[in-house]
Amino acid sequence: AAVWLGMEARQRQRARWGLAYVGVAWLALHTHYYAVFVLVALNLFVFTQAIFIPRTRVNLTAWVLWQLLVGALYLPWLAGAASIVGGYTGNGDSPSLAAMLPRALSVFAVGESVPSEQRNVWAALAAALLLIGGVRLLLGGATDRRNLWLLSCYLAVPMLATWWSAQDRPIFNERYLVASAPPFYLLIAAAFDGRRFSGRAEQALRWLSFALLAALFAGMLLALTRYDADPAYSKTRGWRELAAAFERLSAGLPPDKVRIAQNFPDPTLWYYYRGPVEHVVLPPAAHDKAAARAQVRALVAADVRRILLPVQPAPNWDNDAIASAVLADSPYDRVAEQQVGVWPLRVYAGEPDLTLEQALNIDFENGVELTGVSNLGSNLGAVRLTPGGLLAVTLFASVPEVENLATLKMTVQLLDSTGQLVAQQDLPLTDWRADSGAARHRTYGLALPPERASGEYRLIAGLYNDAAEGALRVRTVAGADAVELALIQVEEGSR
């Protein structure tokens, strides 16, 4: 709209057209600051035209004044945001010009949701149509050649400026090229405009153009299908699934006891997840492991019981898997991992301050003592959980140097009202965290299947020797082969 109004202002030489151009250009800059490249392209066209065509120099002073007015209106925003714009470290890369061109043309032609190995094909089809459109305009009249120069500036300047601005920091992303979309489509449309050739050459060129356009339409349909149906390409579908997973996996705990941790500060998540659980960024600054450790210490101090970490590739922010590393070294145990869309969603849980919520003091025949349990919340008589949710429980034990310690495992199981197994996790006692002396603790995570009905479930624990034939249970001194830890009430929509 700014380009069109700018051209109208030049041709009509009326103040109202100039003011319309100023207003729309100002709004474009506030939509995305890369719109400045469009204005640069427009001014390049105007001034080169004035250099080579003397009659177009009329009222060039007025044109300059319009540009100065746009700049003056934009200065307040620019002054306020300059440090942010200049300090942005990016979430892209710094491709070579040869690598950027096929990526850009492919995205213009069929979008982002095609496999990377197909980009060169779609880029070649698009380039062929652009070439045909450009040749038709070049062989046309003076107005056609003027339009070709305008559209060439409009397409090339934003593309090249976006690419060049990413050479000293990894901020190139195809979506920033959207400012060049209008001239791309107009140049392709020119491939079907008028007769520039005669006879069979014109007919062959038209058939070739239609064949190329039909191929691009097929690519667009493929891309739209992938976007709609394949989570690997569909951001909307993937983000919605991730938001739903956060709801399920945070159920059963108060919101202030859960955090969502991002290993890259991607704001897209907050368009889709509107729940009460707060989020943190690990690391809070690019590649800052010390700050990430401090952030985890703050979570421990706040008695946060569960952390949900969707891991996304972030080479420019978390290239050394800092988020996973600092959580592995923290008081939290990694209790579950689910693949949600394109994200491995890791769940860390625990009793960070190691406070026993319920003493058990159950002795097993081999000398191991299950001393207590925590991290089940305040209502230990009837813990509430939602279908598809995660139950995390921290067990405490005294583990002396008993025989066959290396093969001893503690199992935690969730049973329905008929005694059928619903969920289970088994961990070797050697994987438990050592506290002091013989004292150890470990957090277990049991994912409840989403199809389970509401009702009461029993949470039990047992000890067995994994190396013994049949993995026989180690009984308690009272003769039981399992210890009941809690009753779990599963309810739809409970938190």
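All of these numbers come straight from a predicted model, not from anything done at the bench.
Annotation: the span from Phe172 atom CZ to Gln167 atom CD amounts to 9.5 Å, rounded to 0.5 Å. Rounded to the nearest 0.5 Å, atoms CZ (Phe217) and CG (Leu212) are 12.0 Å apart. Taken to the nearest 0.5 Å, the CG atom of Leu309 stands 7.5 Å off from the CG atom of Leu345. Expressed to the nearest 0.5 Å, how far CD1 of Ile307 lies from NE2 of His279 amounts to 14.0 Å. In this structure, CZ on Arg10 lies 6.0 Å from OG1 on Thr56, to the nearest 0.5 angstrom. Between the CG atom of Leu187 and the CG atom of Leu129 there is a distance of 10.5 Å, given to the nearest 0.5 Å.
Residue Glu278 places its CD atom among 12 or fewer non-hydrogen atoms of other residues, nucleotides or ligands, all under 6.0 Å distant. Other residues, nucleotides and ligands place more than 12 heavy atoms under 6.0 Å from the CH2 atom of Trp66. Heavy atoms from other residues, nucleotides or ligands lying under 6.0 Å from CH2 of Trp77 number more than 12. Arg14 CZ: 12 or fewer foreign heavy atoms inside a 6.0 Å radius. The environment of Tyr271 atom OH is sparse: at most 12 non-hydrogen atoms of other residues, nucleotides or ligands sit within 6.0 angstrom.
When atom types are taken as modelled, the side chain of Ser106 and the backbone of Arg103 share no donor-acceptor pair closer than 3.5 angstrom. Judged by distance alone, with hydrogens and angles left aside, the side-chain atoms of Arg259 form no donor-acceptor pair with the main-chain N or O of Val277 at under 3.5 Å. At distances below 3.5 Å, at least one donor-acceptor pair connects side-chain atoms of Gln425 with backbone N or O atoms of Gly445. Under the 3.5 Å distance criterion, the side-chain polar atoms of Arg306 are left unmatched by any main-chain donor or acceptor of Lys257. At least one donor-acceptor pair closer than 3.5 Å links the side chain of Arg274 to the backbone N or O of Trp270. Between the side chain of Ser180 and the main chain of Leu155, a donor-acceptor pair closer than 3.5 Å is present. The backbone N or O of Ala166 sits less than 3.5 Å from a side-chain atom of Ser94, completing a donor-acceptor pair. A side-chain donor-acceptor contact under 3.5 Å links Tyr332 to the backbone of Val304.
Heavy atoms only, all atoms of each residue included: Phe246 and Leu308 are closest at CD2-CD1, 3.7 Å. What you find for Met159 and Ala104 is that their closest heavy atoms are CE-CB, 3.7 Å. Considering all non-hydrogen atoms of both residues, Tyr34 and Ile171 come closest at OH-CD1, 3.5 Å. Counting all heavy atoms, side chain and backbone alike, Gly134 lies closest to Leu148 at O-CD2, 3.7 Å. Minimum interatomic distance between Gln262 and Asp266 (heavy atoms only, all atoms of both residues): NE2-O, 3.0 Å. Minimum heavy-atom separation, Ala349 to Val335: CB-CG2, 4.0 Å.
For the pair Leu105 and Phe184, the minimum side-chain heavy-atom distance is below 4.5 Å. When side chains are defined from C-beta on, Phe47 counts as touching Val64, because their heavy atoms get closer than 4.5 Å. Counting heavy atoms from C-beta outward, Val46 and Gln67 have side chains that stay 4.5 Å or more apart. A heavy-atom distance below 4.5 Å is found between the side chains of Ile188 and Leu130. Proximity of Leu39 to Leu29: side-chain heavy atoms (C-beta onward) are separated by under 4.5 Å at one or more points. Under the 4.5 Å side-chain criterion, counting only non-hydrogen atoms from C-beta, Phe45 is in contact with Met7. The side-chain heavy atoms of Trp343 and Glu241, taken from C-beta on, include no pair separated by under 4.5 Å. In this structure, Leu249 and Gln338 have side chains that are in contact, with non-hydrogen atoms separated by less than 4.5 Å.
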### Query
Can Leu216 and Trp122 be said to form a side-chain contact (heavy atoms from CB on, under 4.5 Å), step by step?
CA-CA 7 Å; Leu216 287 188; Trp122 302 119; 4.2 Å; yes
#### Entry: Trace of the salt bridge (Lys or Arg N to Asp or Glu O under 4.0 Å) decision for Asp431 with Arg442
CA-CA 8 Å; Asp431 284 357; Arg442 186 62 161 85; 5.8 Å; no
### Task
Apply the test side-chain contact (heavy atoms from CB on, under 4.5 Å) to residues Phe37 and Thr162: give CA-CA distance (whole Å), side-chain angles for both, the deciding distance (0.1 Å), then the verdict.
CA-CA 8 Å; Phe37 299 148; Thr162 302; 3.7 Å; yes
### Message
Would Leu97 and Leu160 count as a side-chain contact (heavy atoms from CB on, under 4.5 Å) here? Give the steps.
### Response
CA-CA 8 Å; Leu97 182 61; Leu160 293 175; 3.8 Å; yes
### Message
Does Leu327 form a side-chain contact (heavy atoms from CB on, under 4.5 Å) with Val296? I'd like the steps, not just the answer.
### Response
CA-CA 7 Å; Leu327 285 171; Val296 172; 4.1 Å; yes
### Message
Set out, in order, the CA-CA distance, both residues' side-chain angles and the distance that settles salt bridge (Lys or Arg N to Asp or Glu O under 4.0 Å) for Arg136 and Glu202, then state yes or no.
### Response
CA-CA 11 Å; Arg136 284 190 178 278; Glu202 174 66 22; 3.0 Å; yes
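Ring to ring, Tyr21 and Trp63 are close: their centroids are under 6.0 angstrom apart. A ring-centre distance under 6.0 Å is not found for Tyr185 and Phe108.
Ring geometry for Tyr272 against Trp239 counts as parallel: the plane angle stays under 30°, on a 0 to 90° scale with 60° as the upper cut. Classified by interplanar angle (parallel below 30°, tilted 30° to 60°, perpendicular above 60°), the ring pair Tyr74/His30 is perpendicular.
Defined by atom type and a distance below 3.5 Å, a donor-acceptor pair is missing between the side-chain atoms of Gln312 and Trp317. Side-chain contact annotation: His287 with Asp320, donor-acceptor N/O pair under 3.5 Å absent.
Residues that satisfy the side chain to side chain donor-acceptor pair (under 3.5 Å) test with Gln13, not counting sequence neighbours, are Asn59.
A salt bridge does not link Asp329 with Lys289: every distance from a Lys NZ or Arg NE/NH1/NH2 to an Asp or Glu carboxylate oxygen is 4.0 Å or more.
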